[in-house]
Amino acid sequence: MVGEEGAFVLGWDEVLTEEELSATLKVLCMSEEEFKEYKEQDGWEDDSEEEENSTLSNEALSRLKPSCKKLLYDSVLLTLESYGADLKAEQDLLNNKEAYEKLSRREQQALHVRYGQKRILHRLLELVQ
């Protein structure tokens, strides 16, 4: 269900790999009985119309079932733990002109990328609390 990278792509306003995330959440949040039925049917019947009308915008994420929200919340926490520094430390480094200028150009770019990723993940935490 998850692409070759084994990750989902999140944007500021919505999930960019919404089909993969939606399918994964459906399966992982199923009861044992629902999963047995799913396996017996070799997946869902044609529910593509339902999926087309249900994009995973930030608003939609906040309306997920509690079990799906908990799964996403815990996953985001694990992802954030994998970073070396927290969001505040990255923000402090960005705001400290002297320390920032000591970084190489590549380190500065990496800092901006990490900071943006963490901001998106923190926003997702707020949406699924």
Side-chain angles (χ1 to χ4, degrees):
M1 282 180 269
V2 180
E4 291 178 24
E5 297 294 316
F8 302 106
V9 181
L10 306 172
W12 189 251
D13 296 317
E14 64 187 10
V15 176
L16 302 176
T17 53
E18 63 184 308
E19 289 178 29
E20 292 91 344
L21 181 57
S22 180
T24 300
L25 287 174
K26 281 182 183 179
V27 170
L28 292 176
C29 294
M30 284 180 179
S31 67
E32 186 176 344
E33 183 178 302
E34 290 170 325
F35 185 69
K36 284 180 184 176
E37 184 179 318
Y38 170 78
K39 282 177 33 179
E40 288 171 5
Q41 294 178 0
D42 291 326
W44 291 280
E45 293 179 10
D46 187 24
D47 60 358
S48 57
E49 184 177 313
E50 174 188 319
E51 288 178 6
E52 285 177 16
N53 295 328
S54 62
T55 61
L56 285 177
S57 64
N58 287 348
E59 184 181 326
L61 287 170
S62 65
R63 291 190 315 259
L64 288 172
K65 295 188 313 187
S67 59
C68 291
K69 286 173 130 181
K70 171 90 169 100
L71 181 63
L72 274 177
Y73 187 87
D74 291 345
S75 298
V76 170
L77 286 180
L78 285 172
T79 302
L80 286 169
E81 287 175 11
S82 71
Y83 286 97
D86 64 7
L87 182 67
K88 174 95 171 81
E90 303 282 12
Q91 188 172 18
D92 290 344
L93 185 53
L94 283 167
N95 292 333
N96 183 336
K97 186 175 181 174
E98 186 178 310
Y100 179 79
E101 288 178 354
K102 288 181 181 177
L103 299 174
S104 70
R105 181 76 177 135
R106 186 175 179 160
E107 289 170 325
Q108 290 174 354
Q109 291 171 341
L111 174 62
H112 284 281
V113 170
R114 282 192 317 270
Y115 180 70
Q117 290 171 340
K118 290 176 187 178
R119 285 188 59 218
I120 289 170
L121 290 170
H122 278 274
R123 181 168 168 111
L124 182 57
L125 282 178
E126 292 173 6
L127 293 168
V128 297
Q129 276 186 332

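Values below: all heavy atoms of this structure, side chains included; hydrogens, waters and symmetry mates excluded. This structure is a prediction, so every number in the text was calculated from the model and none was measured.
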What residues, two or more places apart in sequence or in another chain, satisfy side-chain hydrogen bond (donor to acceptor under 3.5 Å, both in side chains) together with S82?
none

Should L64 and L77 be counted in the same cluster of Ile, Leu, Val, Met, Phe, Trp and Tyr side chains packed under 4.5 Å apart?
yes

Applying a strict under-4.5 Å side-chain criterion to I, L, V, M, F, W and Y, I'd like to know whether L28 and V128 cluster together.
yes

Could you work out, with salt bridge (charged side-chain N to carboxylate O under 4.0 Å, His left out) as the rule, every residue matching R63, not counting sequence neighbours?
E59

For residues 103-126, the ring-ring contact (aromatic ring centres under 6.0 Å, His included) pairs (sequence neighbours left out) are Y100-H112

Quick check: does any side chain N or O of T17 sit under 3.5 Å from a backbone N or O of F8, one acting as donor and the other as acceptor?
no

So, for K118 and D86, which heavy atoms are closest and what is the spacing to 0.1 Å?
NZ-O, 3.8 Å

Rounded to the nearest 0.5 Å, the CG atom of L111 sits from the CG atom of L93 at a distance of 5.0 Å

R114: salt bridge (charged side-chain N to carboxylate O under 4.0 Å, His left out) partners, not counting sequence neighbours:
E90

What closest approach, in Å, do L71 and C29 show between heavy atoms, and which atom pair accounts for it?
CD2-SG, 4.2 Å

CG of L124 to CG of L72, rounded to nearest 0.5 Å, is 5.5 Å

Roughly how far, to the nearest 0.5 Å, is CD of E34 from NZ of K26?
11.5 Å

Between the OG1 atom in T79 and the CD1 atom in I120, the distance rounded to the nearest 0.5 Å is 12.5 Å

Is there a side-chain contact (heavy atoms from CB on, under 4.5 Å) between L80 and L125? Walk through the geometry before answering.
CA-CA 10 Å; L80 286 169; L125 282 178; 3.7 Å; yes

Hits for salt bridge (charged side-chain N to carboxylate O under 4.0 Å, His left out) against D92, two or more places apart or cross-chain, chain-then-number order -> K88

Can you tell me how far the CD atom of E19 sits from the CG atom of L21, to the nearest 0.5 Å?
11.5 Å

What residue pairs, at least two apart or across chains, pass salt bridge (Lys or Arg N to Asp or Glu O under 4.0 Å) with a residue in residues 64-82?
K70-D74

Side chain E18, main chain V15, donor-acceptor under 3.5 Å:
no

Determine, for E32 against K36, whether the closest basic-nitrogen to carboxylate-oxygen distance falls under 4.0 angstrom.
yes

Yes or no on side-chain contact (heavy atoms from CB on, under 4.5 Å) for L121 and L10, after CA distance, side-chain angles and deciding distance?
CA-CA 8 Å; L121 290 170; L10 306 172; 4.0 Å; yes

